[in-house]
Structure formats: C-alpha cells, structure tokens
Amino acid sequence: GESWHMEMVKAADLYLSNDVFSGKYEGLKNCYYFPFDVSDKNFNRIEGNVEKIFDVTFFGSWINQGDRQEWLKEINKIYPVTVFTWNPKEWPEEFEDVRMAAYGEDFAFRVAQSKICLGFSVNPHTWGYWSNRVGKILTSGGFLLYQYAPGMELFLRDGASYFSSPQEAIDKIRYFIGNHIERQEIADRGYEIGRTRFTSENRIRDLMILADRFIKKGNSVWSI
C-alpha cells in the first residue's frame, strides 16, 4: 500500500509544502508550493557583545540523505564543526564536539556565538526545498553558509552565502573566518530578510491571502 504521507496528500483539498517540485507528486492537481521554514519572532537575535567562540556550527541531524554526511566529513577534516543535534550518539567519533540540540533562546544564543552556521538540506537539488533551520538562523541574526538549492536566490537573496561542493565550503569558511566585516554585512542583510519574510507571523499573513484566494477561485484547478 501507499505511505500515510501520500494518502494524506491525495485526500487533501490543497497540499502545501516546499517539496512539491521533487517529482513525488506528478499527476496530482492539489499540490501548491508554500514553504514553512519559519521562526517565532519572539526568538530574536541576541543583542550586545557576544563572544564568537565557535568557528563553524551545524544545527541538524546525522541522517544519510543528500550530501550532508559525506560533505560534513570533508569539511570537518579542515575546520572542526561544532554540532548541535537531537541524535548526538549517532555522530561519528571524528566529530569531537557534538552537543544536544538547542531550542528557543538557547538556539539564538548559540547562533550568536557562531562565526559561521553551516547548512544542508535533505534534497539540495529540488527547487525551493531546504531545511527549516534556514529561517531560524536568519531570524536570529546568524551568518548562514548553505549548500545551494535552486530558488534560494529568490528567497534568501544575498542574505546568505552559498556553496555547491565541500571544497567551496572550505574555501568560504577560510575566507569568512578572517573577514569579520563582510561576514557581518551579509548576516545583517540576512537578518533583515529573516525578520520580514521568515517569521511565523509574516508567513501566516501570506497563508491567509492564499487561503482566501483558494476559497474564491471557483472551479479553477491549481496544479504544480
């Protein structure tokens, strides 16, 4: 039989997600691109002089999807990555600084302590699809260095820096660790984008517009 997920999608009047261009939903007419990578606006960036004690951090899981495991290993050989994760026992021993996941204000504080916040998605080649930690890092004022996924230039614009290979990530880490002013300029742009586009409150406003138009669309069919 089909998975519970696909059964749910087919039963929905309208399925909203950021993975609708993954190829899983071909033939369905009820799928619509709508990302939910957001953060509660009450968790803001930490103001004041916070010491940057981490060169490179990663807030995520050790899962065998996308390029993250292979590429993180390569990056970690040159620049040790401090990890905040819900499954610390599953990380290889070569990652020497693996800690429990951070949430809420603690997450914002850890972001403030990081020079570079590294990011990966489950499927980096799907248009418009990336981890919800993107919004959380931007709204917390962090400098985001992320594996590029198509569509990011339209949403994140120049509020983040991107890489498409482990070597490019290593090169950019080397560059931005030594260039505090430029790193902060990008982080400030990302913060502005984050607070206007990636808070739950602002995304719900978008959702209410969408819901209103969907109700009033008549017999028109929306499809991916």
Side-chain angles (χ1 to χ4, degrees), residues 37 39 43-62 66-85 91 94-99 101-102 106-122 124-125 129-198:
D37 48 332
S39 177
F43 299 124
N44 206 338
R45 66 179 173 185
I46 305 299
E47 300 294 347
N49 188 20
V50 179
E51 183 181 2
K52 301 286 187 183
I53 63 174
F54 307 119
D55 284 339
V56 184
T57 54
F58 175 69
F59 299 89
S61 310
W62 184 255
D67 302 305
R68 82 172 62 184
Q69 290 187 345
E70 178 184 354
W71 289 19
L72 275 168
K73 286 182 177 181
E74 293 301 311
I75 294 168
N76 189 66
K77 291 176 184 177
I78 309 301
Y79 290 100
V81 179
T82 298
V83 177
F84 294 91
T85 180
W91 283 75
E94 61 201 83
F95 294 90
E96 297 182 354
D97 192 1
V98 179
R99 312 183 185 200
D106 184 38
F107 175 85
F109 184 68
R110 295 305 190 183
V111 168
Q113 290 180 311
S114 306
K115 294 179 181 177
I116 296 171
C117 298
L118 201 60
F120 293 89
S121 299
V122 170
H125 308 297
Y129 181 51
W130 44 81
S131 168
N132 63 3
R133 292 179 185 86
V134 165
K136 290 176 172 59
I137 289 171
L138 292 185
T139 57
S140 298
F143 173 82
L144 180 63
L145 179 61
Y146 208 91
Q147 183 183 10
Y148 173 78
M152 279 188 148
E153 70 282 359
L154 300 176
F155 289 81
L156 313 188
R157 308 183 75 184
D158 59 350
S161 186
Y162 308 98
F163 62 91
S164 296
S165 70
Q167 187 58 53
E168 185 180 13
I170 290 168
D171 292 341
K172 287 197 170 181
I173 291 170
R174 180 181 300 112
Y175 176 80
F176 282 114
I177 283 179
N179 287 270
H180 167 73
I181 294 177
E182 185 175 354
R183 191 179 73 231
Q184 190 59 49
E185 288 175 347
I186 295 173
D188 288 342
R189 290 196 297 269
Y191 176 73
E192 181 179 355
I193 293 169
R195 300 306 291 185
T196 56
R197 296 292 302 276
F198 286 88

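Residue-environment remark: CD (Glu192) stays at or below the threshold of 12 foreign heavy atoms within 6.0 Å. Residue Glu96 places its CD atom among 12 or fewer non-hydrogen atoms of other residues, nucleotides or ligands, all under 6.0 Å distant.
Shortest non-hydrogen contact noted between Glu168 and Ser164 is OE1-N, 2.8 Å. Between Thr57 and Phe84, the shortest heavy-atom contact is CG2-CE1, 4.1 Å.
In this structure, Arg68 contributes its side chain and Ser61 its backbone to a donor-acceptor pair below 3.5 Å. Proximity of a side-chain donor or acceptor of Lys115 to a complementary backbone N or O of Val56 within less than 3.5 Å is not detected. Formation of a donor-acceptor pair under 3.5 Å by the Asn76 side chain with backbone atoms of Glu94 is found in this model. Although no hydrogens or angles enter the test, the distance criterion places no donor-acceptor pair under 3.5 Å between the side chain of Ser140 and the main chain of Val111.
Looking only at side-chain heavy atoms (C-beta outward), Asp97 and Val83 stay at 4.5 Å or farther from each other.
The salt bridge (Lys or Arg N to Asp or Glu O under 4.0 Å) check on Arg133 picks up nothing, with sequence neighbours excluded. Remark: Ser39 pairs with Lys136, Thr139 by the side chain to side chain contact (heavy atoms under 4.5 Å, CB included) rule, at least two apart or across chains.
For Asp188 and Arg45, the salt-bridge test passes: some basic side-chain N is under 4.0 Å from an acidic carboxylate O.
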Without placing hydrogens or testing angles, list every side-chain donor-acceptor pair under 3.5 Å for residues 153-163, not counting sequence neighbours.
unit_1 : atom_1 : unit_2 : atom_2 : d
Glu153 : OE1    : Tyr148 : OH     : 2.7
Glu153 : OE1    : Gly151 : N      : 3.3
Asp158 : OD2    : Arg189 : NE     : 3.2
Ser161 : OG     : Lys172 : NZ     : 3.4
Tyr162 : OH     : Arg157 : O      : 2.7

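There is a side-chain donor-acceptor pair under 3.5 Å between Tyr146 and Ser121. Counted by atom type alone, Tyr129 and Asp37 present zero donor-acceptor pairs between their side chains at under 3.5 Å.
Here Phe59 and Phe107 bring their ring centres to under 6.0 angstrom of each other.
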